[in-house]
Amino acid sequence: MGGIHGNDTLESGGDKLGARLEKIILSKLGSLQTEPFIWWQKTWWSRGAFLELVEECRQHLLSSGFKSGQRLALLLPNSPILLAETIAVWQLGGSVVPIDFRCGYVSLIKQLKHADVFAAITFRGGSNFVPLVSEEGIPCVITALDMPAENIAGRPSAEETADTAVIFYTSGTTGEPKAVPLTHDNIFSNIDACINHIGSLTDDDVFLNALPNFNAFGFICGALIPLMNGIRQVVLQSFMPPEAAMDAMRNASVTIVPAVPTIISLLLGTAARGINPPHSLRYILSGGDRLPLDFDKRSCEMLGVPVIEGYGLTEASAVVSIAPGVEKRKPGTVGTLLSCVEAEIRNNDGEALTPGKEGHLWIRGDSVAKSYYRNPELTASRFVGGWFDTCDIAKFDNEGYLSLVSRTSELIFVGGFTVYAQEIEKVLLEHPAVAEAAVIGVPRSISGEIVKAFVVLKKNEKVTSKELIESCKKKLSYYKVPRIIEFVSAMPRSSIGEILKRKLEKD
């Protein structure tokens, strides 16, 4: 059907598929147990110390009656206990459900009930909602971030397939949370393809694990890639304050930083204040949101390293495409497809389009989930004929590099014309006074919609809405020019820094 294949093959992993993640991880850590492995609170843990924590977690889960096919919710920040509980759950044939403990009581209860969890584990920072969760009949225990939870009086829950490794709840930038079940094979094929795509890792590499691990990008690229390759990682509960994060990066000689543009901006700001990055740094992996065009250049100048940009979705085990190494970056694109993914650009009639033409991006492959968890209606609308509808508008060039145009949900229809929010945002960001911009459509009875822009100004900069509109008129067709510009002090953001347009629409 004219699909584009990553590296012309869908066989990445091939005969390796079927291996379970915890077996791969434990085999990597079985030797050299005195070697440093996890940096936590300014101290290196050895491989042996981490394996001891995993075994303690496994024993506690066994004593609690946790069974194969059940699910354990982790309401935890990045920490050794989150990693250890994950591996222990996998050893027992279960699945983990990492949930943002800051998501609010109503959303939290809805997700815990939907996942039908055996129990939930949280930490002292989440102790305020423990009684509320327990009142709903869901056992919830408090643990230290570097010690196993005490025995849990778990609840009866359905015993399902042991193939599912993780269930993530994701809403992207719009809509209600969706539950995405990823199998061991999904995740393994994605990690294997990522490493082959960018280039082999070395024993000297040290990852920064600072993105939230309840998000697929942070969990898979920040935590699992180093775990599955026996590579050291620096675990931070949060990237804030950035000065402390930079200090940890220097002290632990971090080489690779999975990051979202918000974190890259913080790194650049920290460097601008004279706080130097580690000399060990090799590159930054950017995902989760579009990268401002000047960030790669600024990173090379101020941090001394390039930014390798990629694109992904939770439904695709985090990564779909990424620049194939430092030397093959192409500005304005999100790289080429991983070998585990095939893609098609389709028009509104479902016909595959040739390179250079914009359309709906559909994907399939070993790393792509097969359904949403316990949601047959949404599954039927997004997973069609073995393909997954990303709901993104994109195009490929003749060399196979992918460019994102917009999300389908961010299309604006003005007087019969289709307008891409991202195009207008790009023009607004070119104005020297604008730090951030987000564009939505506002319903109007005659035109259908008009364009409204939300703008955050740079510090000490001033510009009027009229001046910004006049600037847009010089670069955009008349129907694309914002009719309304609202200045805000900050954008509402998700846990990984994506601008939440649904909140702007409500406000």
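A 4.5 Å side-chain heavy-atom check between K501 and P492 finds every atom pair outside the cut-off. For the pair I220 and V166, the minimum side-chain heavy-atom distance is 4.5 Å or more. N215 places none of its side-chain heavy atoms less than 4.5 Å from the side chain of L211. At least one side-chain heavy atom of S367 sits less than 4.5 Å from a side-chain heavy atom of V341. Residues I440 and I412 are not in side-chain contact: their nearest non-hydrogen atoms beyond the backbone lie 4.5 Å or more apart. Looking at heavy atoms from C-beta onward, I256 lies in side-chain contact with L201 at the 4.5 angstrom threshold. By the 4.5 Å heavy-atom criterion applied to side chains, S79 and Q237 are not counted as neighbours. Annotation: side chain of D185 is not in contact with side chain of S189 (no heavy-atom distance under 4.5 Å).
Between Y372 and F388, the ring planes lie perpendicular to each other; the angle is over 60°, past the 30° to 60° tilted range.
Cation-pi check for R58 over W90 is not met; the charged atom does not lie both under 6.0 angstrom from the ring centroid and within 45 degrees of its normal.
The shortest heavy-atom contact between C140 and V130 is O-CG1, 3.4 Å. Annotation for N190 and S317: closest pair OD1-O, 2.9 Å, computed over non-hydrogen atoms. Heavy atoms only, all atoms of each residue included: I322 and I198 are closest at CD1-CD1, 3.7 Å. Of all heavy-atom pairs between I363 and V320, the closest is CD1-CG2, 4.0 Å. P98 and N213 get closest at one heavy-atom pair: CB-O, 3.9 Å.
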>> Assess the residue pair W39 and W44 against the criterion (ring pair (Phe, Tyr, Trp, His ring centres under 6.0 Å)); give the C-alpha distance rounded to whole Å, side-chain angles, the decisive distance to 0.1 Å, and a yes or no.
In response: CA-CA 4 Å; W39 172 278; W44 278 110; 5.6 Å; yes
> S157 and Q70: side-chain hydrogen bond (donor to acceptor under 3.5 Å, both in side chains), yes or no, with the steps?
Replying inline: CA-CA 7 Å; S157 61; Q70 291 185 316; 3.2 Å; yes
> Would Y373 and H114 satisfy ring pair (Phe, Tyr, Trp, His ring centres under 6.0 Å), going step by step from the backbone distance to the final call?
Replying inline: CA-CA 9 Å; Y373 186 68; H114 180 258; 5.7 Å; yes
>> Evaluate D392 against Y311 for side-chain hydrogen bond (donor to acceptor under 3.5 Å, both in side chains), listing each step before the verdict.
In response: CA-CA 11 Å; D392 286 328; Y311 158 76; 2.6 Å; yes
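Electrostatic pairing of R71 and E160 counts as a salt bridge here, judged by a charged N lying under 4.0 Å from a carboxylate O. Classification of D116 and R155 as a salt-bridged pair holds, one side-chain N sitting under 4.0 Å from a carboxylate O.
Using a distance-only test at 3.5 Å, with no hydrogens or angles considered, no donor-acceptor pair links the side chain of H197 to the main chain of L338. Under a 3.5 Å cut-off, the side chain of S265 and the backbone N or O of P261 do not form any donor-acceptor pair. Remark: the backbone N or O of D205 is not paired with any side-chain donor or acceptor of T255 at under 3.5 angstrom. Although no hydrogens or angles enter the test, the distance criterion places a donor-acceptor pair under 3.5 Å between the side chain of E309 and the main chain of L291. In terms of modelled atom types and a separation under 3.5 Å, the side chain of S299 and the main chain of F295 share no donor-acceptor contact. Under a 3.5 Å cut-off, the side chain of N186 and the backbone N or O of D366 do form a donor-acceptor pair. The main-chain N or O of T314 is never found under 3.5 Å from a side-chain atom of T170 such that the two would form a donor-acceptor pair. With hydrogens and angles disregarded, a donor-acceptor distance shorter than 3.5 Å links the side chain of R47 to the backbone of K28. Between the side chain of S286 and the backbone N or O of V260 there is no donor-acceptor pair closer than 3.5 Å. Proximity of a side-chain donor or acceptor of R382 to a complementary backbone N or O of T379 within less than 3.5 Å is not detected.
For the atom pair CD1 (I142) and OG1 (T122), the distance works out to 7.0 Å, reported to the nearest 0.5 Å. Atoms CZ and CZ, from F219 and F214 in turn, are 13.0 Å apart once rounded to the nearest 0.5 Å. To the nearest 0.5 Å, atom CD of residue Q91 and atom CG of residue L61 are 9.5 Å apart.
Within a 6.0 Å radius of CD in E150, no more than 12 heavy atoms belonging to other residues, nucleotides or ligands are found. Enclosure of atom NZ in K23 is not indicated, since only 12 or fewer non-hydrogen atoms of other residues, nucleotides or ligands lie within 6.0 angstrom. Residue K426 places its NZ atom among 12 or fewer non-hydrogen atoms of other residues, nucleotides or ligands, all under 6.0 Å distant.
Checking S107 against Q111 by side-chain atom types alone, a donor-acceptor pair falls below 3.5 Å. Remark: the T390 side chain and the H360 side chain contain no N/O donor-acceptor pair separated by less than 3.5 Å.
Taking the centre of each ring, F66 and F118 come in below the 6.0 Å mark.
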